[in-house]
Protein chains: 2
Amino acid sequence: MDEFELIGRYFTGLDKGPGVVLGVGDDAAILAVPAGEELVTSVDTVVEGVHFPADAFPEDVGYRAVAAAASDLAAMGARPLAMTLALTLPAAEPLWLTAFSNGVGTAASAFALPLVGGDTTRGAAVVVSVQVFGTVAEGRALRRAGARPGDRVVVSGTFGDAAAALELLAERWRPDPRDGEYLLRRFYRPQPRLALGQALLDVASAAIDVSDGLLADLGHIAAASAVAIDVEAAAVPLSGVLRAHPDPQTARAWALGGGDDYELAFTLPPGTPVPPGCSVIGEVVRGRGVTCDVPAAAPGYRHFAADGDGRESDDR
Amino acid sequence: MDEFELIGRYFTGLDKGPGVVLGVGDDAAILAVPAGEELVTSVDTVVEGVHFPADAFPEDVGYRAVAAAASDLAAMGARPLAMTLALTLPAAEPLWLTAFSNGVGTAASAFALPLVGGDTTRGAAVVVSVQVFGTVAEGRALRRAGARPGDRVVVSGTFGDAAAALELLAERWRPDPRDGEYLLRRFYRPQPRLALGQALLDVASAAIDVSDGLLADLGHIAAASAVAIDVEAAAVPLSGVLRAHPDPQTARAWALGGGDDYELAFTLPPGTPVPPGCSVIGEVVRGRGVTCDVPAAAPGYRHFAADGDGRESDDR
């Protein structure tokens, strides 16, 4: 047994949960999907130097990788069941691994995602793939398709903080230190809207989580639903930090074009109440594509690395 | 949409299957697990330069990554349901991607594993993570635990061909060209024993797939079952190519210590017939660990790279 096989020991004790029949230590994990429910699953990969800086705190890297993957379960309205972790590392460094596994463990516990398996391999850069599993009643999962003309477009939380944090990390902007701390926390510790997603089952006509950018992700709903979406830029909610930004246009561009906020965007049929903490930002109309009353509001979404963009897509 | 988002298009049309409720194109896939069955899942990662040479045919890389992951389903006796693919690449090269996706597609079809989702990211080296999903009747999955003194130790197929192929790839050995072709095919196109695994349900007392090396993997059964295993080296089946090797000790060492053969090793209670194409190679006795009548028969298992070993483990 070599150092890489031993890495698994940093992740022990995280594999207990109500749906876990068999956790780590065999050829595969076994999960129970309740009768009448379907399995929802998604994989999300983050790469050092592309999705997060090489000097990021490993605890944050672990937490954020799990949170980003869990956000896809939220977008489907699924109840978390379990996850697996595929980790590629240049070397087995105990300090890094301890901190990283603490971050994974904190997120596992926060989002009710026991870690039931994984694979650790040696490679040139840190690559973290998190596969999440959830369950949802048969035929009831939220999808991108389903929005109809007349529906309102609604979002949770606020937008643009993660994009602002990326500007800060790239040293293209230097906010007040306390504001910077807030933005970095928003970037590294996103809160997937799992409870909201489940509350939207049988309520929302379509849903997506905002990882690529608000307008880009609304474009996915519009395309899948064969409708158009009109967005009122001023209605998109901003955090206090972004509202106080000296250049409102910049803050607005981050909110409309930036990714990584991991909020939910969804459509509500007429008459359906807007959930608490959510904001109506536009409406579904006949047509195709997304229009916004602020022209050229959405710069291409930039990841951390200026030279590579490493966009993610589950659209294969 | 950039080149990396477009990569998903190389993998279209592979997401249809009886258990696939929703394939690609949404935030997550939805899979149906039949009533009375449990979900079996495992992730397997391969890294360029560690698990396969950088100049390997991309078709082989894609096929082998899927086959290796599917082998874990075989070891549990699970029926294949679906898979996802997380792919990290330094660049989006159309020729490479076409060939790689052909290999993935061939394996998807051969092993009944529709590709229901994935994630493509930019990174320094090629990293391929395949997550496989299968189903098995509740409580019936094969496990590593369960072997009892008096059981016979049985294996499918032959052993050592993949280890011999690694020696060939590392240019430490130059076999007859036709033999070399055979060995490389065994390495790059492993055949996970899915039908055998399902046939062993309710028959075998314990099972594992041989990826780390025969003696090492039997050690996992022995440890999980709290028993000892005695192996008779001469009973371990070899291919014609390995039987013809000028140094029988070398061939035997490959068979006992080499990994990547993706055959099944399992234990059968007394009186249970040995399945066709399988061989009894030893017995389960009281005690701990694995003994073999050929001393020092098992050199440490070497991956392709001489400088890194990148062993895999699901034991976290």
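As the structure is a computational prediction, the values presented were derived from the model and not from experiment. Below, each value reflects all heavy atoms present in this structure, side chains not excepted, and no hydrogens, waters or symmetry copies. Protein chains get the first letters and strands the later ones, always in sequence-line order, with residue 1 at the start of each.
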Hey, does the side chain of A:D26 reach the backbone of B:R144 with a donor-acceptor pair shorter than 3.5 angstrom?
yes
If you apply the rule side chain to side chain contact (heavy atoms under 4.5 Å, CB included), what do you find for A:T88 with B:V47, and how did you get there?
CA-CA 8 Å; A:T88 299; B:V47 180; 4.1 Å; yes
At a heavy-atom separation under 4.5 Å, does B:F133 approach chain A through its side chain, its backbone, both, or neither?
side chain
Side chain to side chain contact (heavy atoms under 4.5 Å, CB included), paired with A:E38, selected from B:V21, B:V33, B:L31:
B:V21
A:A223 portion near chain B, given a 4.5 angstrom heavy-atom threshold
neither
Using non-hydrogen atoms only, which part of B:A207 is less than 4.5 Å away from chain A: side chain, backbone, both, or neither?
backbone
When A:D27 is tested against each of B:L73, B:D217, B:D209 for side chain to side chain contact (heavy atoms under 4.5 Å, CB included), which residue passes?
B:D209
Applying a strict 4.5 Å limit to non-hydrogen atoms, the region of A:A29 in contact with chain B is both
Write down the atom of A:R122, the atom of B:V50, and the distance for their closest heavy-atom approach.
O-CG2, 3.5 Å
Nearest 0.5 Å, what's the CG-CD distance between A:D119 and B:Q131?
10.0 Å
Side chain from CB out, backbone as N, CA, C, O: work out which of these in A:V40 comes under 4.5 Å of a heavy atom of chain B, or both, or neither.
both
Taking side chain to side chain contact (heavy atoms under 4.5 Å, CB included) as the criterion, tell me which of B:D44, B:T45, B:V46 meets it with A:T121.
B:T45
A:A141 to B:I30 - nearest heavy-atom pair and separation
CB-CD1, 3.4 Å
